[in-house]
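I have placed the structure first, in the form of structure tokens, so that the comments after it can refer back to it.
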Amino acid sequence: MIHFEPSILLLPVTVRCGDGDTFKARHVIFTGSLGVLKARPSFFDPPLSTKKRQAIEKAGFGSTCKIFLQFERPFWEELEPPTDGFQTLWLNRQTESAVVEDSNVPWYRSALGLDAIRTHKNTLVLWLAGPRAAEVDGLSDEQIKQDVVELLRKFAVSSSIPKPVRVMRERWSSNPYIRGTYSYHSMESTISGLLIEDLAEPVWIFEDSKSGSVPALLFAGETTHPIDFLTIHGAIQSGWREAVGLKELAVHCEQHSGCLHSRCRAKTPVQHSMKRATSAG
Ligand SMILES: Cc1cc2nc3c(=O)[nH]c(=O)nc-3n(C[C@H](O)[C@H](O)[C@H](O)COP(=O)(O)OP(=O)(O)OC[C@H]3O[C@@H](n4cnc5c(N)ncnc54)[C@H](O)[C@@H]3O)c2cc1C
């Protein structure tokens with residue numbers, strides 16, 4: 001939990017950990033996923049501003065699932081003709097989105113395909129995206145093995161598809177520290193006019209009449225990158241953005257004794273980074 005107190009000199013933010021440890025800081029950069037932000041509004045005390053909470057609620061955070069299936073032998077190489085994967089193209093495309101969300105339809109209807117992995121000869125990787133990906137987290141390995149055989153029999157047009165011997169996967173959607181996979185621009189956030197900039201906006205705390213307000217709680221992570229959201233490099237750059245921005249702010253204020261942080265708003269991490277990202281794009 002992250003607690004911040006207005007008008008507290010020097011260390012306004014307290015981070016309370018599950019094991020009882022607490023850390024006090026002048027600035028904290030929060031890098032948890034958008035899934036965590038959505039699921040745990042009570043993580044922050046006092047709550048985030050209404051605008052910020054709406055930006056979090058309306059932004060999209062999707063589910064993807066990658067399931068590695070190990071077989072006793074690479075049966076796909078024995079098919080006629082041999083193949084290095086199966087792409088699943090279903091026929092009723094008009095009704096596709098309605099169909100895949102119907103829980104009576106097997107989850108594998110959302111599978112994008114299965115590909116052989118060159119470095120692991122006996123293994124196929126199955127990609128799944130969309131609302132049904134989260135549901136697969138709750139299925140047992142045994143169920144997945146059976147369902148995959150059913151799927152492969154349809155697409156390999158063969159009844160002699162062997163059952164996988166091992167299923168390996170990460171349960172991103174049910175992991176309480178991730179709760180999904182990565183962000184996307186949702187229709188809701190576009191209509192509401194709430195932007196990634198709103199997700200990245202820090203919480204400002206009034207420090208004192210000399211210093212004005214300081215950005216006490218800052219936000220980084222892929223979801224706060226205006227261009228490269230959903231990627232690893234976007235996540236890394238957003239962390240640099242906030243860290244470098246804080247350093248620049250500290251240097252600036254040191255050089256301008258008596259400077260009011262709140263009046264240096266244009267010098268803050270987020271505004272800097274947005275300018276950089278826009279001009280680079
Ligand atoms: C299957 C899959 C494939 C992908 N492939 C690619 C790819 O090919 N290329 C690419 O660029 N990107 C890819 N991505 C996306 C990329 O992995 C993410 O965009 C990136 O990892 C996001 O980084 P992040 O630091 O913003 O968030 P995260 O990686 O989610 O890190 C957040 C961290 O915060 C921690 N945390 C959350 N809550 C708490 C808490 N309460 N207390 C303590 N710690 C907490 C979490 O444990 C986690 O370590 C893929 C993602 C998935 C799921």
Side-chain angles (χ1 to χ4, degrees), residues 1-4 13-25 28-45 47-48 55-56 59-69 107 110-115 117-120 123-137 139 144 167-186 196-203 217-245 269-270 273 277 281:
M1 175 176 223
I2 298 181
H3 172 76
F4 43 92
V13 192
T14 307
V15 177
R16 292 203 187 99
C17 302
D19 63 4
D21 273 355
T22 58
F23 298 90
K24 283 191 160 291
V28 164
I29 304 176
F30 178 84
T31 66
S33 72
L34 180 59
V36 169
L37 283 171
K38 280 177 180 290
R40 298 194 56 190
S42 59
F43 198 75
F44 302 98
D45 169 39
L48 300 173
I56 291 167
F61 198 60
S63 291
T64 309
C65 187
K66 224 170 159 182
I67 305 176
F68 295 89
L69 303 153
W107 61 268
S110 301
L112 305 173
L114 298 103
D115 297 298
I117 303 177
R118 283 196 199 120
T119 49
H120 292 77
T123 306
L124 289 176
V125 58
L126 182 152
W127 275 94
L128 193 71
R132 303 298 295 277
E135 176 190 326
V136 175
D137 280 6
L139 296 182
I144 289 177
V167 173
M168 289 157 282
R169 60 196 159 132
E170 203 61 57
R171 291 176 169 90
W172 295 112
S173 299
S174 55
N175 180 328
Y177 297 112
I178 310 288
R179 296 178 185 268
T181 43
Y182 31 67
S183 0
Y184 60 90
H185 277 171
S186 74
I196 287 178
E197 282 84 338
D198 297 308
L199 289 172
E201 176 70 18
V203 172
L217 177 58
L218 303 101
F219 294 84
E222 59 86 14
T223 199
T224 68
H225 197 292
I227 296 164
D228 293 326
F229 56 90
L230 81 75
T231 67
I232 290 175
H233 54 278
I236 293 171
Q237 282 173 14
S238 72
W240 288 340
R241 173 191 73 204
E242 298 305 327
V244 169
V270 171
S273 64

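Every heavy atom of this structure was used, including side-chain atoms; hydrogens, water molecules and symmetry mates were not. Remember, it's 1-based here, ligands and their atoms both numbered in the order they're listed. Position 1 is the first residue of the sequence, and the numbers go up from there.
I178 CD1, 4.9 Å is the protein heavy atom nearest to atom 49 (O) of ligand 1. Scanning all protein heavy atoms for the shortest distance to atom 33 (C) of ligand 1 gives T31 O, 4.4 Å. Given atom 3 (C) of ligand 1, the protein heavy atom at minimum distance is W127 CH2, 4.1 Å. At the shortest separation from atom 35 (C) of ligand 1 among protein heavy atoms lies Y177 O, 4.3 Å. Ranking the protein heavy atoms by distance from atom 22 (C) of ligand 1 puts E222 CG, 3.5 Å first. Nearest protein heavy-atom contact of atom 19 (O) of ligand 1 is L230 O, 3.2 Å. Protein heavy atom closest to atom 34 (O) of ligand 1, with residue, atom name and distance, is G32 CA, 3.9 Å. The nearest heavy-atom contact from the protein to atom 21 (O) of ligand 1 is I232 CG1, 4.3 Å.
In this structure, F43 is part of the shell of residues with a heavy atom less than 4.0 angstrom from ligand 1.
For atom 5 (N) of ligand 1, no protein heavy-atom neighbour is found at a distance under 4.0 Å. The protein does not reach atom 43 (C) of ligand 1 closely, with no heavy atom under 4.0 angstrom from it. In this structure, atom 28 (P) of ligand 1 has its sub-4.0 angstrom surroundings free of protein heavy atoms. Distances from atom 11 (O) of ligand 1 to the protein include at least one heavy-atom value under 4.0 Å. There is a protein heavy atom less than 4.0 angstrom from atom 47 (O) of ligand 1. There is a protein heavy atom closer than 4.0 angstrom to atom 38 (N) of ligand 1. At least one protein heavy atom sits closer than 4.0 Å to atom 17 (O) of ligand 1.
Among P176, A235, G62, the residue whose heavy atom lies closest to atom 24 (P) of ligand 1 is A235.
Of the possible polar contacts, one joining the H3 side chain to the D45 backbone as a donor-acceptor pair under 3.5 Å is found. T31 places no side-chain N or O within 3.5 Å of a backbone atom of G221 that could act as its donor or acceptor partner. Within the 3.5 Å criterion, the main-chain N or O of S173 finds a donor-acceptor partner in the side chain of D137. Proximity of a side-chain donor or acceptor of R40 to a complementary backbone N or O of L37 within less than 3.5 Å is not detected. K66 places no side-chain N or O within 3.5 Å of a backbone atom of E170 that could act as its donor or acceptor partner. Not a single donor-acceptor pair under 3.5 Å links the side chain of S183 to the backbone N or O of L230. One N or O on the side chain of S33 and one on the backbone of I178 form a donor-acceptor pair closer than 3.5 Å.
Under the side-chain contact (heavy atoms from CB on, under 4.5 Å) criterion, D228 pairs with H225, T231, H233, Q237, not counting sequence neighbours.
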Hey, mind stepping through L48 and I56 against side-chain contact (heavy atoms from CB on, under 4.5 Å) and telling me if it holds? CA-CA 10 Å; L48 300 173; I56 291 167; 3.8 Å; yes
Give the intermediate values and the outcome of side-chain contact (heavy atoms from CB on, under 4.5 Å) for residues L217 and F30. CA-CA 7 Å; L217 177 58; F30 178 84; 4.2 Å; yes
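Atom CZ of R16 is separated from atom OG1 of T22 by 7.5 Å, given to the nearest 0.5 angstrom. How far OG1 of T224 is from CD1 of I196: 8.0 Å, rounded to the nearest 0.5 Å.
Within the listing of ligand 1, atoms 26 (O) sit less than 4.0 angstrom from a heavy atom of G221. Within the listing of ligand 1, atoms 14 (N), 15 (C), 50 (C), 51 (C), 52 (C) sit less than 4.0 angstrom from a heavy atom of Y182. Listed by number with element, the atoms of ligand 1 under 4.0 angstrom from any heavy atom of T181 are 53 (C).
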